[in-house]
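Keep in mind that what you see is a predicted model, and the values were worked out from it rather than measured. Numbers restart at 1 for each chain; the letters A, B, ... are given by sequence-line order, proteins then strands.
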There are 2 protein chains.
Amino acid sequence: MRIGELAERTGASRRLLRYYEEQGLITPERSANGYREYGEAFVDRIAQIRGLLDAGLPTRIIKQVLPCLNTPRALYFPDATPEMIATLERERDRMSDRIRCLAQNRDAISAYLDAVRDGTPPPTEAPIRTGGPVDGTAGRTGVTR
Amino acid sequence: MRIGELAERTGASRRLLRYYEEQGLITPERSANGYREYGEAFVDRIAQIRGLLDAGLPTRIIKQVLPCLNTPRALYFPDATPEMIATLERERDRMSDRIRCLAQNRDAISAYLDAVRDGTPPPTEAPIRTGGPVDGTAGRTGVTR
DNA sequence: ATTGACCTTCACACAGATGTGAGGGTTCGA
DNA sequence: TCGAACCCTCACATCTGTGTGAAGGTCAAT
């Protein structure tokens, strides 16, 4: 497919698809007239790239990480130098850090939303003083909604 | 404590601490001479902010999310308008997406690293083509190196 | 009183991801 | 053969998170 279709199917603008190529993240074929030609696999690839970008990884890192994630489980490493391995370990750890941070904050948001939905607990009674979470009182009082 | 100490203890530059304030993420006190004065709680707060920034959230979103995460479990919502609730739900979902993406890619990296460390598996059998770069030939032929 | 290490605001600079548009080819259907 | 709808490259613009430095105030120790 050409760039327009890929853009439509992935939600990435044409500009961005060219940018990802410029950054070495993807390398589409070129047809005789110079048009970029993308295979089906690029749809997933772009989704993966956009997900990682959105999760805070810069293209420079994504570029290093992508080759190890070849779609058809192509687990044969082009080089696997010690530096590359060290880089991968470092990035893996950073990703774990991010996951921890995100999960923790997401759970806090969830807890907040749960509490809010539980019929806004009257702030008049029991001003809630900095103790534990939800401190017993406003728990799920059977009200389903 | 003043900005220098907080910077040192959090790893954020003074410039950034002022920037976070300008973006409305934090609101330190001011002492008589105009110096910013931060309480202990700001150390965690800054760590949280930096973690979320690193995980791809813009300050605009962090600003909306932080108040629901008040350290002393102050679960009494200042407003809780329907729009705010919708925003929180949206962001919670986006965070879940990010977590999924990160976990998936991290696990793939882990798998790759495991495979690499397991004495490089012979690629000679089943060349795995699919557009891979090294095209089979010069693969590690069982040579443990 | 001066020095040094803090602090203040202001402002310009930069990199990375993305938008926008100009100027120009290709392809295809009316 | 024309026009629409694609594609190309190039280049400048924008937004965000940061860095850096200038010009100046505060404070403690010498």
Please classify the nucleic acid contact of Arg60(B) as base, sugar-phosphate, or nothing, using heavy-atom distances under 4.0 Å. nothing

Base, sugar-phosphate or nothing for Arg18(B)? Non-hydrogen atoms, less than 4.0 Å. base

Gap separating the CG atom of Leu88(B) from the CD atom of Glu83(B), nearest 0.5 angstrom: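 Leu88(B) atom CG to Glu83(B) atom CD measures 11.5 Å (nearest 0.5 Å).
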
Between CE of Met95(A) and CZ of Arg98(A), what distance do you get to the nearest 0.5 Å? 7.5 Å

So which one's nearest nucleotide on DNA chain C is more toward 5', Glu5(B) or Gln23(A)?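 Looking at the nearest nucleotide for each, Glu5(B) comes out on the 5' side.
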
Of the nucleotides [options], which has the atom closest to the [X] side chain?
{"X": "Ile3(B)", "options": "dT27(C), dC7(C), dG17(D)", "result": "dC7(C)"}
{"X": "Arg15(A)", "options": "dG17(D), dT9(C), dA11(D)", "result": "dA11(D)"}
{"X": "Asn33(B)", "options": "dC8(D), dC27(D), dT26(C)", "result": "dC27(D)"}
{"X": "Tyr35(A)", "options": "dC8(D), dG17(D), dC7(C)", "result": "dC8(D)"}

If you apply the rule side chain to side chain donor-acceptor pair (under 3.5 Å), what do you find for Ser110(B) with Arg92(A), and how did you get there? CA-CA 7 Å; Ser110(B) 285; Arg92(A) 177 202 53 192; 4.6 Å; no

With a cut-off of less than 4.0 Å, is there a side-chain N or O of Arg14(B) near OP1 or OP2 of dA5(C)? no

Does dG16(C) have its OP1 or OP2 closer than 4.0 Å to a side-chain nitrogen or oxygen of Thr59(A)? no

Distance-only donor-acceptor test (3.5 Å): side chain Tyr19(B), base dG19(D):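 Such a pair does not exist between side chain and base.
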
Atom-pair distance (CG on Asp54(A); P on dG16(C)), nearest Å: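 Value for this atom pair: 19 Å.
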
To the nearest Å, how far apart are Leu52(B) CG and dG17(D) C1'?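 After rounding, the reported distance stands at 15 Å.
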
If you assign Arg30(A) and Leu57(B) each to the DNA chain D nucleotide with the nearest heavy atom, which residue ends up on the more 5' nucleotide?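 Whichever sits nearer the 5' end wins; that is Arg30(A).
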
Check: Arg36(B) main-chain N/O paired with Glu29(B) side-chain donor or acceptor under 3.5 Å: no

